[in-house]
**Student:** 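The structure is given below, and queries will be raised subsequently.
For the single chain, residues carry numbers from 1 onward in sequence order.
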Amino acid sequence: MKYEYKTKGTCSRKITVELEGKTIKSVEFEGGCAGNTAGIAKLVAGMDMDYVIERFAGNTCGPRPTSCPDQLAKALQEAYAAQQAG
């Protein structure tokens, strides 16, 4: 299932995640630092979402209270909840 998450407080504007159960099939960032977000997307493909959330949640970017990895953790949580509801 694909899920679109509108980011808050980061340079990226949107994250599209595709889950299969708790396994991350794919991640795509819209905006943000292209090299970093592409690297994150490749890194997490095939991983268990709980593992990724545990490591990415709470990370900040400079003076911002969030970051693209932190927003990805939030996107994964929302996507999984939507998957369970639907």
**Student:** Going from NZ on Lys8 to CZ on Arg64, what distance comes out if it is rounded to the nearest 0.5 angstrom?
**Tutor:** 15.0 Å

**Student:** Please enumerate all residues that pass side chain to side chain contact (heavy atoms under 4.5 Å, CB included) together with Gln83, with sequence neighbours excluded.
**Tutor:** Met1, Leu19, Tyr80

**Student:** With a 4.5 Å heavy-atom cut-off, do Asp70 and Thr60 have their side chains touching?
**Tutor:** no

**Student:** With side chains defined as the heavy atoms from C-beta onward, is the minimum distance between Gln71 and Cys61 less than 4.5 Å?
**Tutor:** no

**Student:** Just to verify, what does Lys14 make a side chain to side chain contact (heavy atoms under 4.5 Å, CB included) with, not counting sequence neighbours?
**Tutor:** Glu4, Lys6, Thr16, Glu30

**Student:** Excluding sequence neighbours, so at least two apart, what forms side chain to side chain donor-acceptor pair (under 3.5 Å) with Thr7?
**Tutor:** Thr10

**Student:** State which residues pass salt bridge (Lys or Arg N to Asp or Glu O under 4.0 Å) with Glu54; sequence neighbours excluded, sorted by chain then number.
**Tutor:** none

**Student:** Are Ile15 and Leu76 packed together at the side-chain level, in the sense that at least one heavy-atom pair is separated by less than 4.5 angstrom?
**Tutor:** no

**Student:** Considering residues at least two apart in sequence or located in another chain, which fulfil the side chain to side chain contact (heavy atoms under 4.5 Å, CB included) criterion with Asn59?
**Tutor:** Phe56, Ser67

**Student:** Could you give the side-chain donor-acceptor pairs of residues 32-42 under 3.5 Å, partners two or more places apart or in another chain?
**Tutor:**
from, atom 1, to, atom 2, distance (Å)
Thr37, OG1, Cys33, O, 3.1
Thr37, OG1, Ala34, O, 3.4

**Student:** Minimum heavy-atom separation for Asp50 to Asp48, with atom names?
**Tutor:** N-OD2, 2.9 Å

